[in-house]
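Remember, it's 1-based here, ligands and their atoms both numbered in the order they're listed. For clarity, every value in this text was computed on a predicted model and none was experimentally measured. Along the sequence shown, the residues carry numbers beginning at 1.
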Amino acid sequence: MVELYREPQGDWKWWYEARFGMFIHWGLYALAARHEWVKNRERMTDEEYQKYFDHFYPDLYDPRAWARAAKEAGMKYFVITTKHHEGFCLWDSKYTDYKVTNTPYGKDVLRPMVEAFREEGLRVGFYYSLLDWHHPEFPVDRHHPMRDNPEFREKNKQRDVRKYAEYVRNQVRELLTEFGQIDLIFYDFSYPGEDGKGRDDWQSEELLKLTRELQPNILINDRLDLLDVPGGWDYRTPEQIVVQEWPKIDGKPVLWETCQTFSGSWGYYRDEETWKSVEQLVQMLIDTVSKGGNLLLNVGPTARGTFDDRAMERLQGIGEWMKYHSRSIYGCTQAPKEFTAPQDCRLTYNPETKRLYVHVFAWPFRYLPISGLAGRIEYAQLLNDASEIHFFEGTAEYLAHWGGLSQGTVILELPVKKPNVTVPVIELYLK
Ligand code: GLC
């Protein structure tokens, strides 16, 4: 096991091995269908936004179908927005009327979701927004939809963030006591400084303590503005970027998970067209694991309660690849330093089975040299069909002939035709 910067307090081994989860952003913004920040972007008042609440009726909602789609894509856990920045709650909270049970739909959607995903064997994570653009005690700040409305600001300047922080704790207590074991919590997010909010506003340390008290094994993300507090976070969350290497603090690796969207929005966005291809997504998953991280891939369900075909197509495409290649993902991590990835390749490594996986992003012509492996390979095969791959070690003279290959390099002999899978993987059994 890797030596981490700091041993997390929560139960992290399952998560470190799972590597792949589903994020779900679902709320009233699904009806607007133009980004989950629509209330902020269009500076909508509560009254203007109310139409989405009044028309929330996801008649096709079937959480078992969601859970199946996640499982078939190869995901091992899910994280659901119990409340996003808009303030709308997916469960029957005692502390607000702004909740799903008061919409025309009239039913809790969170409990059946948790049950359905658990039944499919996935772990449960809750996302909870620290921001709340509906709560009457949430002071208007630079992200608030009413930020440019001086009258509104003036009229609401008595808002008391301490009362809001208490509301947060009350809700978190509900979420962490009424739904059984919660494996992970994703607080989102802090923006300290001018006209912003941070740990003093959320009373983050108290919230952290409460969270660990109620669910001692829970994993907590890093957005409570407690980066410098020991135990203030368990894992880092680089978002919508591809990191160049395993994130570190003081030179030591930290647990990390990158959250990513299929397109440019977390909530359902009808007209957004920048959808990533299955290949890009599979490569993203591999790249993440090759740097020791997890991928949390987001779906924004529609207001009918379904995953749309663009999302389903990608989930199925990833699932098709995972069906044959999950062995190079689950339980895998960054390869030991002595192995260097060949050109256009990513390595992952399973320390338990001592197998090294070479993911080939661009299929080369016949030969794939890989350094540092002379005398180390017991057997090699393509993962998709377990067909043998021959390999040989060249003499120094022979290697020089290839240009720049160093002693200790092994050459894998590949078929000329690329195997018919999104990203071919060569499985190396090490001695
Ligand atoms: C950002 C956005 C938010 C999204 C989150 C996911 O913080 O505010 O809309 O839920 O990223 O990590």
Side-chain angles (χ1 to χ4, degrees), residues 15 20-44 49 52 75 77-90 110 113 125-135 138 140-145 147 168 171-172 175 184-193 195-199 201-202 204 207 219-227 233-243 247 255-270 272 274 276 281 284 288 293-301 311:
W15 181 85
F20 190 26
M22 175 180 278
F23 216 170
I24 302 177
H25 275 67
W26 201 37
L28 299 179
Y29 43 81
L31 284 84
R34 53 182 192 276
H35 205 277
E36 77 283 355
W37 278 57
V38 61
K39 192 179 186 192
N40 157 298
R41 288 182 169 187
E42 298 179 15
R43 292 161 174 73
M44 289 167 125
Y49 204 71
Y52 305 128
M75 293 154 161
Y77 61 105
F78 85 113
V79 181
I80 170 71
T81 52
T82 57
K83 177 192 91 167
H84 203 259
H85 310 335
E86 63 180 3
F88 177 69
C89 298
L90 296 188
L110 185 60
M113 199 186 308
F126 283 164
Y127 167 109
Y128 184 87
S129 172
L130 298 167
L131 289 74
D132 194 315
W133 299 331
H134 182 269
H135 197 279
F138 185 90
V140 178
D141 60 27
R142 67 174 194 257
H143 287 313
H144 196 278
R147 62 196 172 283
V168 168
Q171 289 210 313
V172 164
L175 289 170
L184 174 161
I185 194 153
F186 195 116
Y187 289 115
D188 193 39
F189 61 89
S190 298
Y191 44 108
D195 213 15
K197 287 186 178 60
R199 66 169 91 180
D201 303 289
W202 321 127
S204 292
L207 185 57
L219 275 175
I220 307 178
N221 76 335
D222 62 344
R223 297 190 183 178
L224 282 170
D225 189 22
L226 295 176
L227 278 185
W233 54 278
D234 291 325
Y235 65 100
R236 305 298 320 262
T237 57
E239 168 180 334
Q240 300 269 40
I241 53 158
V242 171
V243 299
L255 289 188
W256 69 283
E257 171 192 77
T258 182
C259 47
Q260 303 280 352
T261 53
F262 283 143
S263 73
S265 168
W266 299 90
Y268 178 67
Y269 198 139
R270 184 189 56 209
E272 155 64 45
T274 62
K276 298 170 189 72
L281 294 162
M284 188 180 256
T288 303
N294 281 23
L295 174 63
L296 187 64
L297 192 54
N298 181 73
V299 179

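Using a cut-off of 4.0 Å between Lys/Arg side-chain N and Asp/Glu carboxylate O, Arg41 and Glu36 are scored as not salt-bridged. Taking 4.0 Å as the cut-off between side-chain N and carboxylate O, Glu42 and Arg34 count as a salt-bridged pair.
Atoms of ligand 1 found under 4.0 Å from any heavy atom of Tyr127 (numbered from 1 in listed order, with element): 10 (O). Set against the non-hydrogen atoms of Phe189, the atoms of ligand 1 under 4.0 Å away are 7 (O), 8 (O). Counting atoms of ligand 1 from 1 in the listed order, those under 4.0 Å from a heavy atom of Cys259 are 12 (O). Close contacts between ligand 1 and His25 involve ligand atoms 4 (C), 10 (O) [criterion: under 4.0 Å to a heavy atom]. The atoms of ligand 1 that sit less than 4.0 Å from any heavy atom of His84 are 3 (C), 4 (C), 9 (O), 10 (O). Taking a cut-off of under 4.0 Å to the non-hydrogen atoms of Glu36, the atoms of ligand 1 that pass are 3 (C), 9 (O). Close approach of ligand 1 to His85 is summarised as follows: ligand atoms under 4.0 Å from at least one heavy atom of the residue are 2 (C), 3 (C), 8 (O), 9 (O). For ligand 1, the atoms closer than 4.0 angstrom to any heavy atom of Phe186 are 12 (O).
In terms of protein heavy-atom proximity, atom 5 (C) of ligand 1 is nearest to Asp188 OD2, 3.3 Å. The shortest contact between atom 11 (O) of ligand 1 and any protein heavy atom is with Glu239 OE2, 2.6 Å.
The closest side-chain donor-acceptor pair between Asp141 and Tyr191 falls under 3.5 angstrom.
Across Val243 and Trp256, no two heavy atoms sit closer than the pair CG2-CH2, 3.5 Å. The minimum heavy-atom distance between His143 and Asn40, with the atom names listed, is O-ND2, 2.7 Å. Of all heavy-atom pairs between Leu175 and Leu110, the closest is CD2-CD2, 3.8 Å.
The neighbour count for Arg142 CZ, taken as heavy atoms of other residues, nucleotides or ligands under 6.0 Å away, is above 12.
For Arg223, the closest heavy-atom approach to ligand 1 falls below 4.0 Å.
In this structure, Phe186 has its ring center under 6.0 Å from that of Phe23.
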